[in-house]
There are 2 protein chains.
Amino acid sequence: MLKTHAIKIQFRFEDIMAVTIIDVARRANVSKSTVSLVINNSPAIKLETKYKVLRAIEELGYVPNINARGLTSRKTNILGVLTMVENLSQKSYNFDSDTEIFSYDVSIGIPKGLVNTDFGLLNERFCIPENSNDLPLLIKNNRIDGLFIIGGLFGDDFAKKIKDCGIPTVVVGRKNEFFDYITADLEQGVFLSTTHLLETGHKKLCYINCPVTFSTSVDRYNGFQKAIDSSEVKPEEKWSINAEHNNGAGGYQAIKDIWEAGKRPDAILAANDSIALGIMRYLYEQKVRIPEDISMISYENSILSGYSVPALSTVDINKELIGEEACRILLNRIARPKSKRVSMVIPTTLVHRDSVIVRS
Amino acid sequence: MLKTHAIKIQFRFEDIMAVTIIDVARRANVSKSTVSLVINNSPAIKLETKYKVLRAIEELGYVPNINARGLTSRKTNILGVLTMVENLSQKSYNFDSDTEIFSYDVSIGIPKGLVNTDFGLLNERFCIPENSNDLPLLIKNNRIDGLFIIGGLFGDDFAKKIKDCGIPTVVVGRKNEFFDYITADLEQGVFLSTTHLLETGHKKLCYINCPVTFSTSVDRYNGFQKAIDSSEVKPEEKWSINAEHNNGAGGYQAIKDIWEAGKRPDAILAANDSIALGIMRYLYEQKVRIPEDISMISYENSILSGYSVPALSTVDINKELIGEEACRILLNRIARPKSKRVSMVIPTTLVHRDSVIVRS
DNA sequence: CTGAAAGCGCTTACAG
DNA sequence: CTGAAAGCGCTTACAG
């Protein structure tokens, strides 16, 4: 008997603490509807009332209960970040593995686009072959109001399935015809680096592209070619090759092929930092010095190029800004689901580090 | 008039779709309380009833509304991942910047510990100096049921403040006296790499430690010293120095000091991959070849060492497992808030790549 | 072992 | 411009 009683009065921390909309209403001498309208920034509220309520909120340290809000408004106030990966197994960190750096750096920018917003972010790494028919948990469990899909590792089938869910979605890092998208200006980026190499007196250029299967490889190649076409001084020789894999090992093998075919570039451009590091590994083994013997410019800018030996000049694609702008796009899509599809291309800049030398 | 009508019947997707607990109850011919008990795995339900309900759930494709659950149970079913960072400004990726790789890799392991669980994950990068008195948004907005704090960039003040919030918390990556924690076995790891260098015939060892201000630097040094003490063959010379900064630039400057003091190790140990890359940069500039002239072993294992030129042998600290185990600890803490404080140390292994040579 | 009822903390028409 | 009331979809004592 006594014991039962004891259990009954054992309140939890939250029970005691929880300030609700009713407490605020009471303190401000208004109804809870009014408080709700203030919280949701209704223009129908008299300024005087608004401030009265705001003060009460402040004084009481009131924080709206997110579950209650969500329950009535049928929203979760959460956005999903889907990182597309090659596989979900244990990472080896070896240079034949995917780096996932792009998605991490982009996702650092996302919260910046969410400031002054109630949205939280739920992350999921997702791999299509392994999950085959499954949808991401984020979606299956109805946890999100909107979705970022980061990276290119998905096809039309997957896109359609997501589309059918009706969740506002923005694709980050590549073009596509299903959703809004935002991506770096690939062609302009490669144009930039190629031009710089030409202007610094390089005569034998080699472009090591990403795999042909990647839709982006065309844009990249175009940037390379257009820079050469529009340059005053023409290179004596130029080569272009697609790596077989989009990682260090892919770059390693590609330059090896070039090298063993007897080609000797004085400057190399890489499709991204991972491939670049693979190239550098091969050159190191051949005792070729960068930049003394061969200059290099990579593409993306990441911890990989910033920390590499030597520090790698690269094209910065402004990943944080991409993440931030992706938010704006998604927020608009959520607010106006039927609006016209949006595509956004972010310009790039060249970052100079230690892998390019001026040749006369 | 007509228009008003049109608006009224414009249901949203969810309105039409939403299968609720009532639909399930009806289909299974039970009350919604029973359905709820089944969902929550109550042992009080007859097996037969349970299967009946489970079938109805299956057939209807019912997914519990997470907000409704949270509202009644006073839970959010979300865990927070707090990544402690040095600053929140735009990342440069240069080698004088913090890499945040540890927290990323750990957070990849976390979902593995959450399989068969309803918990989602909310991430936040948080910086103490910049946010001074503020608490992480995750906490201020009552969004989480539990918290992972990743990384060491916080002091007792912050820990106490978090403690006062009463949120179950586990610290990942360093010891501390406020919360449960899980970390790699630093001493054992350094012992491992030092021993390997000794066994491969190196006579002049240099340990480049993390900054003295880091609590972990002592454990690391102990591992180094103990390996030497317990080795059959003693090194001819040994040096140990703390980098001033925990990044590439710190490693660069440290080895520069060693070098300019005329010391010439034949093997170097680095406190982590970032510091290691800084060391390698300096050696590259000095035209010292790794491993031919100097062998190196780093600590952590990350994309940085896996992609480095040459590929860096390092101590793998099993970050994914750390993340997974951290979940178990946190889940236990949530279930039993008053239980004894838990600390867990994960053993490390040596991963051999291309930076160590056998000397005779 | 299961059902009826209250209540979690909000938002949203609706009325005035 | 503001209040009273209904309802969102669950869980949790409580009763039987």
Side-chain angles (χ1 to χ4, degrees), chain A residues 4-5 7-12 14-26 28-53 56-57 60 62-77 118 141-143, chain B residues 4-5 7-12 14-26 28-53 56-57 60 62-77 118 141-143:
Chain A
T4 308
H5 182 63
I7 286 171
K8 276 195 186 166
I9 62 162
Q10 186 190 326
F11 293 110
R12 273 178 309 180
E14 303 93 301
D15 294 332
I16 300 166
M17 290 297 296
V19 177
T20 75
I21 203 171
I22 294 186
D23 302 315
V24 176
R26 207 170 286 151
N29 258 316
V30 296
S31 77
K32 61 177 186 163
S33 324
T34 304
V35 176
S36 177
L37 291 172
V38 170
I39 293 171
N40 292 294
N41 251 317
S42 161
I45 297 285
K46 221 188 346 179
L47 259 191
E48 194 192 324
T49 313
K50 182 170 173 175
Y51 287 136
K52 214 165 53 178
V53 171
I57 288 177
L60 259 27
Y62 168 70
V63 176
N65 179 307
I66 206 150
N67 283 319
R69 289 188 93 169
L71 183 56
T72 29
S73 63
R74 292 172 168 291
K75 280 177 196 148
T76 60
N77 287 308
D118 285 330
N141 295 339
N142 293 134
R143 294 197 87 133
Chain B
T4 309
H5 182 65
I7 286 173
K8 276 194 182 166
I9 63 161
Q10 185 191 325
F11 292 110
R12 274 177 309 179
E14 302 93 302
D15 293 334
I16 300 166
M17 288 299 296
V19 176
T20 74
I21 202 169
I22 294 187
D23 302 315
V24 177
R26 208 170 287 151
N29 259 315
V30 296
S31 76
K32 61 176 185 162
S33 324
T34 304
V35 176
S36 176
L37 291 172
V38 170
I39 295 171
N40 292 293
N41 251 315
S42 161
I45 297 286
K46 220 187 348 179
L47 258 190
E48 194 193 325
T49 313
K50 181 170 174 176
Y51 287 136
K52 214 165 53 178
V53 171
I57 289 178
L60 261 26
Y62 167 70
V63 177
N65 180 308
I66 206 150
N67 283 318
R69 287 187 95 169
L71 183 55
T72 29
S73 64
R74 293 172 168 290
K75 281 178 196 146
T76 60
N77 286 308
D118 286 329
N141 295 339
N142 292 136
R143 293 197 88 134

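A, B, ... follow the sequence lines: proteins, then strands. Residue 1 opens every chain. Nothing here was measured: the structure is a model prediction, and the numbers come from that model.
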Please tell me which of B/Val35 and A/Lys46 maps to the more 5' nucleotide of DNA chain D, matching each residue to the nucleotide holding its nearest heavy atom. A/Lys46

Expressed as a whole number of angstroms, how long is the span from [X]:[atom1] to [N]:[atom2]?
X	N	atom1	atom2	answer
A/Arg26	C/dG9	CZ	P	12 Å
A/Lys32	C/dC8	NZ	P	10 Å
A/Arg69	C/dT12	CZ	C1'	13 Å
A/Lys75	D/dG9	NZ	P	15 Å
A/Asn142	D/dC10	CG	P	10 Å
B/Ile66	D/dG9	CD1	C1'	13 Å
A/Leu71	D/dC8	CG	P	9 Å
B/Asn77	D/dG9	CG	C1'	14 Å

Heavy atoms from C-beta onward define the side chain here; which of [options] lies closest to that of [X]?
X	options	result
A/Leu37	D/dT2, D/dT12, C/dG9	D/dT2
A/Asn65	D/dC1, D/dG9, C/dG9	C/dG9
B/Val30	D/dT2, C/dG3, C/dT11	C/dG3
A/Ser33	D/dC10, C/dT12, C/dC10	C/dT12
B/Arg74	C/dC8, D/dT2, D/dT12	C/dC8
A/Tyr62	C/dC1, C/dT12, C/dC10	C/dC10
B/Ile21	D/dT11, C/dC1, D/dT2	D/dT11
A/Asn40	D/dT11, C/dT11, C/dG9	C/dT11
A/Thr20	D/dG9, C/dC10, D/dC10	C/dC10
A/Ala68	D/dG3, C/dG9, C/dC1	C/dG9

5' priority, DNA chain C, between A/Pro64 and B/Lys50 [closest heavy atom]: B/Lys50

Distance in Å, [X] [atom1] paired with [Y] [atom2], rounded so as to fall on 0.5 Å steps:
X	Y	atom1	atom2	answer
B/Leu37	B/Ser31	CG	OG	7.5 Å
B/Asp118	B/Ile39	CG	CD1	9.5 Å
B/Asn67	A/Arg74	CG	CZ	10.5 Å

Determine whether the side chains of A/Asn40 and A/Arg69 contain a donor N or O and an acceptor N or O closer than 3.5 Å. yes

What are the two closest non-hydrogen atoms of A/Val35 and A/Val30, and how far apart are they? CG2-CG2, 3.8 Å

Base, sugar-phosphate or nothing for A/Ile45? Non-hydrogen atoms, less than 4.0 Å. sugar-phosphate

Base-pairing mate for C/dG3 - Watson-Crick or G-U, with both contacts under 3.5 Å: D/dC14

Using the side chain to side chain contact (heavy atoms under 4.5 Å, CB included) rule, take A/Thr20 and A/Asn65 through it: C-alpha gap first, then chi angles, then the decisive distance, then the call. CA-CA 8 Å; A/Thr20 75; A/Asn65 179 307; over 6 Å; no

Taking only side-chain nitrogens and oxygens of A/Ser31, does any of them come within less than 4.0 Å of OP1 or OP2 of D/dA4? no

Can you tell me if A/Thr34 touches the phosphate of D/dG3, counting only side-chain N or O atoms and a distance under 4.0 Å to OP1 or OP2? yes

